Amino acid sequence: MAGFNVRSVLVTGANRGIGLGLVKQFLGKSDPPERVFATCRDPEGERVQELKTLASRHPNLAIVALEATNPASIKAAAARVEEHLKSSGLNLLINNAGIVRLSTLESETPEDMSLVYATNVTGPLLVSQAFLPLLKKAAQGSPQPGMSCSKAAIVNISSEGGSITNVFAWQLGQVVSYRCSKAALNMLTKCQSLGYGGDGILSIAVHPGWVQTDMGSSTSLQAPLTVDMSVRGILNVLPKLSKKDNGAFMSWEGKVLPW
Ligand code: NDP
């Protein structure tokens, strides 16, 4: 992670799993960001204890409420972050919050199709829209040429489960709504790369690997990666990204994945 001098970063769904791991490793850097924003649905809830403990030790960490399916909550989060940042912009937005619903083609329901799409696709769209002015400000205020994750970037945490070319682990779980949502998130990433590239904002979809989190442990098999391994990989890949990677779909190991 050497040379990854990101000044401000926001991670959604940061109270557990990969999101929490990202926050921990950003804070643990030898040159941590000046501002780390960890969002969660309910900052007063039971599942936020670890974040609260971190915040008591790291004054550069702010916990912000953000429910990805609620446009008003997203707008309020953006306003809160803007207050913290004062005149500077947000360098790195990581759309990590996501859900899976165990399903097959036969059992999939309209309710779950809608909820998973709202969380995994519409959420990152609305979050990116709300934080766009802060990302633009970071891009405009940066002396760095080109594109990078330390200048201004949107990282959408996707999944190989959304790949149409390499259908991953079908026998382990059909999870139709989840696969459809991540394929759509990949398309959203491509659209963002085309729409925001002119503003100097890099957009990328990242597959974190199969990770030992609540989500990653929802099948009968043990996921091979710890949160720590996945996040170390992601934070090794992000600093290496440049304009040529804008709109790509990549793994936690830095491999370009087929759509
Ligand atoms: P977890 O289930 O462990 O954590 C999910 C996080 O997202 C929680 O913080 C959860 O908050 C939050 N979240 C869920 N819904 C919402 C919402 N509507 N608004 C705001 N926050 C929400 O999942 P992982 O850490 O494993 O997954 C993180 C990302 O990585 C996801 O996008 C997932 O699809 C992706 N991924 C994970 C893989 C794995 O093997 N684990 C594999 C491939 C991709 P709360 O605690 O309130 O529920």
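Please read all numbers here as calculations on a predicted model, not as lab measurements. Ligands are counted one by one from 1 in listed order, and the atoms in each one are counted from 1 as well.
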Decide if atom CD of Glu50 counts as having more than 12 heavy atoms of other residues, nucleotides or ligands within a radius under 6.0 Å.
no

Near ligand 1, which protein residues have a heavy atom under 4.0 Å away?
Gly13, Asn15, Arg16, Gly17, Ile18, Arg41, Arg47, Leu66, Glu67, Ala68, Thr69, Asn96, Ala97, Gly98, Ile99, Thr119, Ile157, Ser158, Ser159, Tyr178, Lys182, His207, Pro208, Gly209, Trp210, Val211, Thr213, Asp214, Met215, Gly216

Note: Val64 and Pro43 closest approach over all heavy atoms is C-CG, 4.4 Å

Are Met147 and Ser242 side-chain neighbours, meaning at least one heavy-atom pair lies under 4.5 Å?
no

Which pairs count as ring pair (Phe, Tyr, Trp, His ring centres under 6.0 Å) when at least one residue sits in residues 33-90, sequence neighbours excluded?
Phe37-His84

Closest non-hydrogen atom pair, Asp199 against Ala139:
O-CB, 3.3 Å

Same cluster (ILVMFWY, side-chain, under 4.5 Å), Trp252 and Val23:
yes

